[in-house]
Amino acid sequence: MLKQYFISAWSQIKQYKLISAITIGATALSIFLIMLVVMLEQVKTAPFTPESNRDRFLHAKFFSISNSSWGDATSNGPMSKQSADALWKSLETPEAVTAYVVFAVPMPVAVPEQPIYTADVREADADYWKVFDFRFIEGKPFDEAMVDSKRPVVVLSES
């Protein structure tokens, strides 16, 4: 019985080549697009290293402030580290709160006995290493004492 279905389908494909090609192509395209949407949503929400606890995250990238003297006007944009610390660090419910720069900023980097080059820099506080799980090939993450000392510290990725 199954063999008859394949024979019938093959004869239909040979008889109506253009319609068969369009149907097969449209079916393949629709499956591809559905899979693409599912994969994009999974990348946004599934826990992957270094965000293994993504299901417990609250991200706040941009904020809006207003003042009663401004009327209906608001100011929108990224929040400063000082404002983020004042708002979020005082909360008792979260296990850990970190503030870091979302967008990498190109900055000149000088290494002894090497030419100066530009690196993409993202500033972060010491709690960054409590929230995100990175594996270190060498060295260790910086801690609160290093941040408080205002000592320039860097963590390099392998790339």
Side-chain angles (χ1 to χ4, degrees), residues 1-66 72-81 83-85 87-89 91-109 111 114-143 147 153-159:
M1 181 76 172
L2 189 58
K3 185 178 177 182
Q4 288 291 33
Y5 286 136
F6 283 115
I7 292 171
S8 175
W10 186 249
S11 67
Q12 290 288 328
I13 288 172
K14 288 195 309 190
Q15 189 173 1
Y16 301 105
K17 292 177 184 172
L18 180 63
I19 292 174
S20 297
I22 292 171
T23 303
I24 292 169
T27 303
L29 180 64
S30 64
I31 291 171
F32 166 75
L33 291 175
I34 290 169
M35 289 178 65
L36 184 67
V37 168
V38 168
M39 287 175 23
L40 287 174
E41 288 303 311
Q42 184 178 11
V43 166
K44 287 183 196 174
T45 59
F48 296 111
T49 303
E51 299 177 355
S52 297
N53 299 317
R54 191 181 282 187
D55 57 336
R56 297 170 37 208
F57 275 15
L58 169 64
H59 288 276
K61 290 183 183 178
F62 298 100
F63 292 87
S64 177
I65 60 171
S66 63
D72 289 338
T74 61
S75 178
N76 304 307
M79 181 176 281
S80 69
K81 182 175 178 339
S83 299
D85 286 347
L87 278 175
W88 307 114
K89 296 273 184 171
L91 297 175
E92 296 175 11
T93 305
E95 288 177 43
V97 175
T98 185
Y100 59 93
V101 177
V102 177
F103 305 108
V105 178
M107 297 179 91
V109 176
V111 177
Q114 297 287 330
I116 295 175
Y117 63 95
T118 302
D120 290 335
V121 175
R122 288 178 48 173
E123 295 181 65
D125 60 8
D127 291 332
Y128 184 82
W129 309 110
K130 295 177 187 172
V131 174
F132 297 99
D133 54 337
F134 288 92
R135 291 179 331 174
F136 287 86
I137 298 170
E138 288 185 36
K140 62 181 182 168
F142 54 85
D143 57 9
V147 173
V153 180
V154 67
V155 176
L156 300 174
S157 68
E158 189 175 12
S159 62

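Residue indices begin at 1 and follow the sequence shown. Values below: every heavy atom of this structure, side chains too, minus hydrogens, waters and symmetry copies. Predicted, not measured: the structure shown is a model, and the values here were computed from it.
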The reported gap from CG in L58 to CG in L91 (rounded to nearest 0.5 angstrom) is 9.5 Å

Of all heavy-atom pairs linking P47 and S52, the shortest is CB-O, 3.1 Å

- Task: Carefully, step by step, assess F142 and V155 under the rule side chain to side chain contact (heavy atoms under 4.5 Å, CB included).
- Result: CA-CA 8 Å; F142 54 85; V155 176; 3.9 Å; yes

| request: Give me the ring orientation class for Y100 and F132: parallel if the planes are under 30° apart, tilted from 30 to 60°, perpendicular past 60°. | output: perpendicular

Margin query: Counting C-beta onward and ignoring hydrogens, is there a side-chain heavy-atom pair between F134 and T49 closer than 4.5 Å?
Written below: no

dist I31:CD1 -> L36:CG (nearest 0.5 Å) comes out at 13.5 Å

Do R122 and Y128 have side chains that get closer than 4.5 Å, going by heavy atoms?
yes

Residues P78 and F62: closest non-hydrogen pair is N-CD2, 3.6 Å

Review point. Under 6.0 Å between the ring centres of W129 and F136?
Key: yes

S8 side chain to Y5 backbone, donor-acceptor under 3.5 Å:
no

- prompt: Counting only heavy atoms not in I116, do more than 12 sit closer than 6.0 Å to its CD1 atom?
  reply: no

When rounded to the nearest 0.5 Å, the distance separating CE of M39 from CZ of F32 is 8.0 Å

What one should report as the nearest heavy-atom pair of A73 and S66 is O-CB, 3.7 Å

Interatomic distance, OG@S75 vs CZ@F63, rounded to 0.5 Å, equals 13.0 Å

Heavy-atom nearest pair, P106 first then T118, reads CB-CG2, 3.7 Å

The reported gap from CD1 in I24 to CG in L29 (rounded to nearest 0.5 angstrom) is 13.5 Å

*Should the pair D125-K89 be classified as a salt bridge under the 4.0 Å nitrogen-to-oxygen rule?*
yes

One pair to check against side chain to side chain contact (heavy atoms under 4.5 Å, CB included): Y117 and V111. What are the steps and the verdict?
CA-CA 9 Å; Y117 63 95; V111 177; 4.1 Å; yes

Correct closest heavy-atom pair for I13 and S20 would be CA-OG, 3.3 Å

Interatomic distance, CD@E95 vs NZ@K130, rounded to 0.5 Å, equals 11.5 Å

Report, as yes or no, whether the 6.0 Å neighbourhood of atom CD1 on I19 holds more than 12 heavy atoms from other residues, nucleotides or ligands.
no

Correct closest heavy-atom pair for T98 and V131 would be CG2-CG2, 3.8 Å

